[in-house]
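One structure is given here, and the rest of the page talks about it.
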Protein chains: 2
Amino acid sequence: MQQTRQTTIVDIANQLGVSPSTVSRALHDHPSISAKTKRNVVRLAEKYSYQPNLLALSLLNKRSGVIGILVPEITSYFFATVISGVQDMVSSAGYKLLICQSGESFEEEEKLLQDMALSRVDGVLISPTFRTNSFQHFERLKKTGIPLVIFDRDCPGFEADKVLVDSYDGAYQAVEYLIKTGCKRIAHIAGPIAIPTFKQRLDGYLNAHYDNNIPIRSELIVYSNGFSSDDGVEAATQLLDRHEKIDAIFAVNDAVSIGTTHVLRENGYRVPDDISLVGFDDESYAQYYFPSLSTVWQPVYELGMLSAKILLDRFANRGQLQSYRYEVLKPELVIRESSRIIAESTSSYALPNRPGTPLVHQA
Amino acid sequence: MQQTRQTTIVDIANQLGVSPSTVSRALHDHPSISAKTKRNVVRLAEKYSYQPNLLALSLLNKRSGVIGILVPEITSYFFATVISGVQDMVSSAGYKLLICQSGESFEEEEKLLQDMALSRVDGVLISPTFRTNSFQHFERLKKTGIPLVIFDRDCPGFEADKVLVDSYDGAYQAVEYLIKTGCKRIAHIAGPIAIPTFKQRLDGYLNAHYDNNIPIRSELIVYSNGFSSDDGVEAATQLLDRHEKIDAIFAVNDAVSIGTTHVLRENGYRVPDDISLVGFDDESYAQYYFPSLSTVWQPVYELGMLSAKILLDRFANRGQLQSYRYEVLKPELVIRESSRIIAESTSSYALPNRPGTPLVHQA
DNA sequence: TATCACCACGCAAAGGTTTGCGTAACAGGA
DNA sequence: TCCTGTTACGCAAACCTTTGCGTGGTGATA
């Protein structure tokens, strides 16, 4: 456990009676260093297992080789998978990843972004908290020359590179599917609509009704405070307490969905026989849930990859002014057992196709 | 998007006609700087929103303020939660977290550990791949003076600080519970026993049988290649193909459990009426699964916190030789609906108690 | 007036690496 | 012998901050 100081280029230089610059050049195979000197240097470097000090290099190059990513939380499958995609992309480009979570706290977000700037990260990927509606801290980052990519959660009115998933489209697909399969009274358990993503899902729900000439009933929409399974339980309870006739539920995500099925079951409703249910996210457990969840799959890993790619592109074209990119990825409906085709349904529904995914599981 | 160079201490010094050292001292409220100079410096620092360059500081202090954590994968709930605990602990001590995943690849593990050493992380937390059975790369790290804490997955024969969960005990509790509730033919879907954790769960299963004088039948144990839900499906299928009489299954984790229930259901078995099922991990969905999963809860967040704490303690006592710590956290059995008390069971089972967790959910 | 204390600040080194520029030594050609 | 070219390397700056030590100036005391 001896605190043996890391050997530096100077140590090697001294031992060989040459200058540090010679050692540096020798290690980089610079042409103006004799073969003999190179051999000596390399031999010693290996003997002491010399490793260049990246801190010194970063200071010199004004590049830390670190990319920061700030997410609301890392324990959710969604963000963990995004991070995974980002990780794979940036590490192949030789960057390291500094991961932080804001815990949906705006103050934390400000503080952590500040920290990242101090640590001189080369770029930042961020999915803002749902409380974030002022963007000075983003501006500050921009001003210091650190590129910024916003993903998953949009910041309307703030200009930056953005990579989003079309939640509106996913919700529209889901609800239209429910309508086409014969559902007339479709409830929606909405998430906190302060989050643009959740607002979009609500809009998709509404417009799918509108476009199909189904009246929208506000009594079928319940706004949840959060988007965990526990929130799902609460929202579903609230919904049932209204004693409205319901033949389908579109839940804001899978976590809420499973909380919802729990409540439905306890109240004697069968899914999908009495009520069709569609979630959002295609979580890892959705396929093996009982009944397996119909849901909307999102290209989460791809979201991470693309966001990282855009940041790397910024590095490559450093300094060159270029317009911000705005990328929107398409989600896909995955139909499983938690939704059914109602017999008296007249309109036929053309099933979407996603390779590798079982389309219909009828138990 | 102007690349406005970050203002440094020298810029301020020049503008004020003083030396950089004076500026530095002024900013740190050093007593030997006049109040007037301090005011001037602080005013300018605020005007240009000066931020000290952490890279330069790191180089000076030989401390990067970064802790590395290397896990097999970050998308699993288990590791994401560990990371969350680590994050909270280290950030409160002013450290940043560099998160990497090995993807269960030994070569990646070696490479990433090397990278971390290069980046001069101040310490490393690691949960090794299940292929890791040589430890030179750990030794190398130690030799450079970077403290190392191993968590969750033990490395038998390698000396280091370690924080583990007593999987043996958890498995023992689970299986003993099944026995006491009247099960006689308890199957086990084991994970890859190359992972010490899974080996321990198997051992707990075996010893609970032994201690309760129940014969062990090798035909009731199936060894899975992995530990995902898909692996669970495969293993459960294999188990049923043996046409053995079974009244309970102890699965190596919850993911495998839900794959297993899927297969059981498709083959006409009811859980828990025909077969009791107990998993491991208490994943987020376990409570809302149908039937809700009896499982073994692990203090995952605490695992992260404690591992980080031990590393921070090493920093505090830097240089001082002290013996390695070996901490083992206790898991707790959580009984839900997927297991039942068999009527003809004579022995009564004393339920364990965990505050805040519903102990028995009988539908 | 000489001595002393104290105030307020500057110098320079240290941390490790890279790189433009300069140069000593030597060989070869005229 | 002088000039030119090449080889093989060293010097010092640059990146930014901190800190031990030194110092010029001022006012007070003996």
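A quick note: this is a predicted structure, and the numbers were derived from the prediction, not measured. Letters A, B, ... are given to chains in the order of the sequence lines, protein chains preceding strands, and every chain is numbered from 1.
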Whole Å only: how far is the [atom1] atom of [X] from the [atom2] atom of [N]?
| X | N | atom1 | atom2 | value |
| --- | --- | --- | --- | --- |
| B:D29 | C:dC9 | CG | P | 13 Å |
| A:I9 | C:dG16 | CD1 | P | 11 Å |
| B:H28 | C:dC9 | NE2 | C1' | 17 Å |
| B:K36 | C:dC9 | NZ | P | 9 Å |
| B:Q6 | D:dC16 | CD | P | 10 Å |
| A:L54 | C:dG15 | CG | P | 19 Å |
| B:R120 | C:dG15 | CZ | P | 13 Å |
| A:L27 | C:dT17 | CG | C1' | 11 Å |

For B:K62, check salt bridge (Lys or Arg N to Asp or Glu O under 4.0 Å) against everything at least two apart and list the hits.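 Partners of B:K62 under the salt bridge (Lys or Arg N to Asp or Glu O under 4.0 Å) test: none.
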Parallel, tilted or perpendicular: which one describes the rings of A:F106 and A:H137, with boundaries at 30° and 60°?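 Aromatic pair A:F106/A:H137 classed perpendicular.
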At under 4.0 Å between heavy atoms, which parts of nucleotides 8-15 of chain D does protein reach? Answer with one letter per nucleotide, 5' to 3': B base, S sugar-phosphate only, - none. BBBB--BB
If we ignore angles and hydrogens, is there a donor and acceptor under 3.5 Å between the side chains of [X] and [Y]?
| X | Y | value |
| --- | --- | --- |
| B:K96 | A:S119 | yes |
| B:S21 | B:S24 | no |
| B:S102 | B:S105 | no |

Under 3.5 Å, which donor-acceptor pairs do the side chains of residues 77-87 of chain B form with other protein atoms, sequence neighbours left out?
unit_1 : atom_1 : unit_2 : atom_2 : d
B:T81  : OG1    : B:Y77  : O      : 2.7
B:S84  : OG     : A:Q101 : NE2    : 3.1
B:Q87  : NE2    : A:I99  : O      : 3.1

For a quick test of reading the model: is some side-chain N or O of A:Y50 closer than 4.0 Å to OP1 or OP2 of C:dT17?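 A:Y50 to C:dT17 OP1/OP2: side-chain N or O found under 4.0 Å.
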